[in-house]
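In the text below, chain A, chain B and the rest are named by the order of the sequence lines, each starting its count at 1. Bear in mind the structure is a predicted one, so any value in this text is a computation, not a measurement.
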There are 2 protein chains.
Amino acid sequence: MHSQNEENYLKAIFKLSAEGPAVSTSALARELDVQAASVTDMVKKLAAKELIQYEKYQGVLLTAKGRLVAVNIIRKHRIWEVFLVDKLGFGWSEVHDIAEQLEHIHSEQLIDRLDDFLDHPSFDPHGGPIPDREGRLPQRQAEPLSALPVGSKAIVAGVKDDDRELLEYLEQKGLLIGARLRVLEHLTFDDSLVLETPSGKWSVSRKVADNLLVRPPAVE
Amino acid sequence: MHSQNEENYLKAIFKLSAEGPAVSTSALARELDVQAASVTDMVKKLAAKELIQYEKYQGVLLTAKGRLVAVNIIRKHRIWEVFLVDKLGFGWSEVHDIAEQLEHIHSEQLIDRLDDFLDHPSFDPHGGPIPDREGRLPQRQAEPLSALPVGSKAIVAGVKDDDRELLEYLEQKGLLIGARLRVLEHLTFDDSLVLETPSGKWSVSRKVADNLLVRPPAVE
DNA sequence: TTTTAATTTTAGTCTTGTCTAAATTTATTT
DNA sequence: AAATAAATTTAGACAAGACTAAAATTAAAA
């Protein structure tokens, strides 16, 4: 059994692995909000348990074993988020911190039964894909809103980072999952976009557009 | 916010307080499965936080503050047990260890919403009373089976200690909550009882009879 | 009422995970 | 290519909780 802390490190490494293979000490320190020295200590312990590969000054890499642990935590996190939103009626911006705790409950049976209870969801309330028991992630053909050319229509498919403030901001603009939108303008000055949404026209910054994932509208 | 460990100590002290006011170091050590020396260390810390009263060599006592924390943990534990049994289909003997983890999730909102979702249950799957948000316990007029005279009829209302083995044993004999029974015989030799239950006649030991709580059958 | 036994506390150590400050290595400039 | 800056690691400490062994206190027995 792994400690909550170990699980959090592995999860963070998995998340940062998306930006390139090796994860640096400082990136991990930033993500976990601890000092770099603490990270160095911890990655040595994780390497001793063969959950990561670690080479001095070269950053870390998940082993197959470590990846499985990380993906399992993500599976639990996302299934719990579905429960909180679908069954308990929480808003999509309220569930992250609670799921952050629930993801560390150790019981395979619990998560399997919860998965049954929820009818085997494939995506969480933020559009995040839910891994299966073997750690396979369902594919979503979603891309950042910032990649769309002016004039194109799309449907909100999720967010990259489920930051509370961002989620509340999007909620306010009616940009929930499934919402239709159209890109009206692109300002080269600051890379912001003007969108048409069911609730009106809105300008969103480059950063928001990078974090908002969309998919092409269904071809009827 | 209290650590899980602090919460477990307070819960144990609350539980042991039923057997008399002051809880001894050794009783706590036994209950928590740690050495007495560790208990001494810990109770000093809890006393410093004004969660308990502690006098050297005299054992400990919960303060009002400590009692509220303890009862709140019990509230969470029991509400989660209802969820596990009623919604996820776990058996009554399978839920203790999982609820032991879930009770430490910090979110008042979560437990309140869960309570709504479950329609405000008053008792958990083992017949344990569920405290309300203010820490008040619903009264149950239940007494140990061992207190009944020969010939009396009763209905199973719960168990005192939700020990896994005991629960499985009772389940096997059909002695679940709500089951009717009648005391046929009392052997003074070992204080065991012979019961008539819907599934047949069974002999139960004194220890089991002490732990099985019953209430009088409804007067029609 | 001593003596013995049981309980409790103190003292010192260990593990996990964190920190700061200093030393080392790698990366970036000039 | 040498000098500076940034990133990383080492060294030494600390807090939470646990342990063992020894000392102190309380309870029980002779």
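Residue contacts for B:Thr25: at a heavy-atom cut-off of 4.0 Å it reaches the sugar-phosphate backbone alone, with no base atom in range. Residue-level contact check: A:Thr40 touches the bases, meaning some heavy atom is under 4.0 Å from a base atom.
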Self-check item: Under 4.0 Å protein heavy-atom contacts per nucleotide of nucleotides 16-21 of chain D, with B for base, S for backbone only and - for none
Solution: SBBBB-

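Atoms NZ and NZ, from B:Lys56 and B:Lys44 in turn, are 7.0 Å apart once rounded to the nearest 0.5 Å.
In this structure, B:Lys56 does not reach the D:dT26 phosphate: none of its side-chain N or O atoms is under 4.0 Å from OP1 or OP2.
Ring orientation note: the planes of B:Trp80 and A:Trp80 are nearly perpendicular, at an angle over 60° on the 30°/60° scale. In this structure, A:Phe83 and A:Phe117 have tilted ring planes: the angle between them lies in the 30° to 60° band.
Remark: A:Arg113 is positioned above the aromatic ring of B:Phe90, its terminal NZ or CZ atom under 6.0 angstrom from the ring centre and at most 45 degrees off the axis.
Computed from coordinates, the B:Tyr54 OH to D:dT25 P distance equals 13 Å when rounded to whole Å.
Reading DNA chain C from its 5' end, the first and the last nucleotide to sit under 4.0 Å from a heavy atom of chain B are C:dT8 to C:dT10.
Ion pairing of A:Asp112 with A:Arg75 is present here, as a side-chain N (NZ or NE/NH1/NH2) and a carboxylate O approach within less than 4.0 Å.
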List every contact pair, protein side and nucleotides 3-5 of chain D side both N or O, where the distance is under 3.5 Å.
none

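At distances below 3.5 Å, not a single donor-acceptor pair connects side-chain atoms of B:Arg140 with backbone N or O atoms of B:Ala157.
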